[in-house]
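Every chain is numbered from 1, with letters handed out A, B, ... down the list of sequences. Atoms considered below: every heavy atom in the structure, side chains included; atoms not considered: hydrogens, waters and symmetry mates.
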Number of protein chains: 2
Amino acid sequence: MLSFTEENYLKALLHLTIETGDKEEAGTNEIAAHLNVKPATANDMLKKLKEKKLIDYEKYGKSSLTTSGRKLAIEVVRKHRLWETFLYEKLEFTWDEVHEVAEQLEHIQSSKLVDKLDKFLNYPVFDPHGDAIPTAKGEMKVPLKKTLNEQEIGRSCMMIGVKENSSSFLQYVDKVGLSINKKIKVLSKQPYDELIEIEVNGKRFSVSPKFAENILIVSEDVEPMNTKRKN
Amino acid sequence: MLSFTEENYLKALLHLTIETGDKEEAGTNEIAAHLNVKPATANDMLKKLKEKKLIDYEKYGKSSLTTSGRKLAIEVVRKHRLWETFLYEKLEFTWDEVHEVAEQLEHIQSSKLVDKLDKFLNYPVFDPHGDAIPTAKGEMKVPLKKTLNEQEIGRSCMMIGVKENSSSFLQYVDKVGLSINKKIKVLSKQPYDELIEIEVNGKRFSVSPKFAENILIVSEDVEPMNTKRKN
DNA sequence: TACAAATGTTAGCCTACTCTAACAAAATAA
DNA sequence: TTATTTTGTTAGAGTAGGCTAACATTTGTA
Ligand SMILES: [Mn+2]
Ligand SMILES: [Mn+2]
Ligand SMILES: [Mn+2]
Ligand SMILES: [Mn+2]
């Protein structure tokens, strides 16, 4: 059984390597900075995690997750994002409030709890930030994320989140019939005033670019593993 | 901000004193035993909690919660029982599975989370063990708990839990239309075979004493603070 | 009342996690 | 290719929470 601290180191390493995409391994200072501890502190823990065969690490070298370390890290991320989804969907939290509480909830140990929560939420694929939720098997497909204004004309996409949280914006979102996991089709863009015509729930609306750039979407086509977010 | 450990000591003290009803204070060994630590360990913590003015304690004396200590302890109990209710009502946990996970969840720090959870569960009054859930204001009415077979003829009561968990029993409970918070009226008891005739949802059933003694109920009349459970 | 048993406290030690200060190695720039 | 900066490590120390062994106090009983 891992401690909260150990879990947080594994998660940090996952975020700094695989999730950020371009790197296979991370340095001690980098890990320390991410976790708000001093390099000396991180160094101790890295030695400990190496001992437990959860990471590969050699003195003065970079660190990376082993297969079992990665599996555990993904488990934590899964829990984090399921809890964020729960808070957002069921408890009326806003998308910017969920992360802090999920940082605590992600460490609750109970495989039954995770699986039942997943079921209760109807096996969600994206969390309120639009990040992919790993499945029970540890698979995580990562979407081509963009904002609604970046979507090409004539294509469909799915709303996965918002970038703004003002009540006026949210009320507008609601009025148009949009919410997470809703299908949106981009019908046209008006060259003159840049208004974007979309179809939601079979109804048509014209929205401003300002509105559209605060709607996070994922294109229908989803490709494997590669995201930028760290929540 | 209190640590998990400190919260557990306060909760232990609440359970050993107010909740068990007959005592105002608890001894060091007793507290240690309840928390599965050695008396020396408990002694250190009691000194620390006294320093923080959360308990009253004098060397070689018994300990008791101060007003602020009691308030915090009740907060933890509130969270514990709300989470148990959540697990039971929403995630299909059985009544004997909820406690262990709630022991972890009760330490999550977020007043918004607690309040929203309470609302989401529709402000439940009893947890799956039939224990009263303290309100947001820290009020906790404690019911006259008994089992269905102990209820007098002609009186109504409310189901607050079960004492058994076999699927055959649970299916029976379900078939009769019973669940937590359901009203039950005891119509009669057959002297010959001791069958109890009850009314649930306007329908009448006869149940055996064996069945009835595994149904936890609370009489309509509720009186202030005094329960025996420690979950 | 005196003594034994039960209860509570202290001292000393341990592990986990954190820090600062000093030092070593690696990477980069002159 | 040497010097400097960046990065990483070690040593020593602190806090929280836990333990054992020894000791002190209180309680209950003979
Ligand atoms: Mn997050
Ligand atoms: Mn997220
Ligand atoms: Mn419980
Ligand atoms: Mn309970």
Give A/Phe4 one of three labels, base, sugar-phosphate or nothing, depending on what nucleic acid heavy atoms sit under 4.0 Å from its own.
nothing

Rounded to whole Å, how long is the line connecting atom [atom1] of [X] with atom [atom2] of [N]?
{"X": "B/Leu35", "N": "D/dC19", "atom1": "CG", "atom2": "P", "result": "11 Å"}
{"X": "A/Glu30", "N": "D/dT9", "atom1": "CD", "atom2": "C1'", "result": "17 Å"}
{"X": "B/Asn43", "N": "C/dA6", "atom1": "CG", "atom2": "P", "result": "20 Å"}
{"X": "B/Tyr60", "N": "C/dT10", "atom1": "OH", "atom2": "P", "result": "7 Å"}
{"X": "A/Leu49", "N": "C/dA16", "atom1": "CG", "atom2": "C1'", "result": "13 Å"}
{"X": "A/Leu46", "N": "D/dG8", "atom1": "CG", "atom2": "C1'", "result": "10 Å"}
{"X": "B/Leu2", "N": "D/dT15", "atom1": "CG", "atom2": "C1'", "result": "16 Å"}
{"X": "B/Lys50", "N": "C/dT9", "atom1": "NZ", "atom2": "P", "result": "11 Å"}

Does [N] have OP1 or OP2 under 4.0 Å away from a side-chain N or O of [X]?
{"X": "A/Lys62", "N": "D/dT7", "value": "no"}
{"X": "A/Ser3", "N": "C/dA16", "value": "no"}
{"X": "A/Asn29", "N": "D/dG8", "value": "yes"}
{"X": "A/Thr28", "N": "D/dT9", "value": "yes"}

Could you measure the distance from the [atom1] atom of [X] to the [atom2] atom of [Y]? Nearest 0.5 Å is fine.
{"X": "B/Leu54", "Y": "B/Ser63", "atom1": "CG", "atom2": "OG", "value": "12.0 Å"}
{"X": "A/His80", "Y": "A/Leu82", "atom1": "NE2", "atom2": "CG", "value": "10.5 Å"}
{"X": "A/Phe86", "Y": "A/Leu91", "atom1": "CZ", "atom2": "CG", "value": "4.0 Å"}

Among the candidates D/dA21, C/dT20, D/dT9, find the nucleotide nearest to the side-chain atoms of A/Lys38.
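Selected nucleotide: C/dT20.
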
Quick test of your reading of the model: are B/Glu106 and B/Arg78 salt-bridged, counting only N-O distances below 4.0 Å?
no

Parallel under 30°, tilted from 30 to 60°, perpendicular over 60°: which one fits the rings of A/Phe4 and A/His107?
parallel

Closer to the 5' end of DNA chain C via nearest nucleotide, is it A/Thr5 or B/Gly61?
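The 5'-side residue here is B/Gly61.
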
Most 5' of A/Met45 and A/Lys59 on DNA chain C, judged by nearest nucleotide:
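Comparing both residues, the 5'-ward one is A/Met45.
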
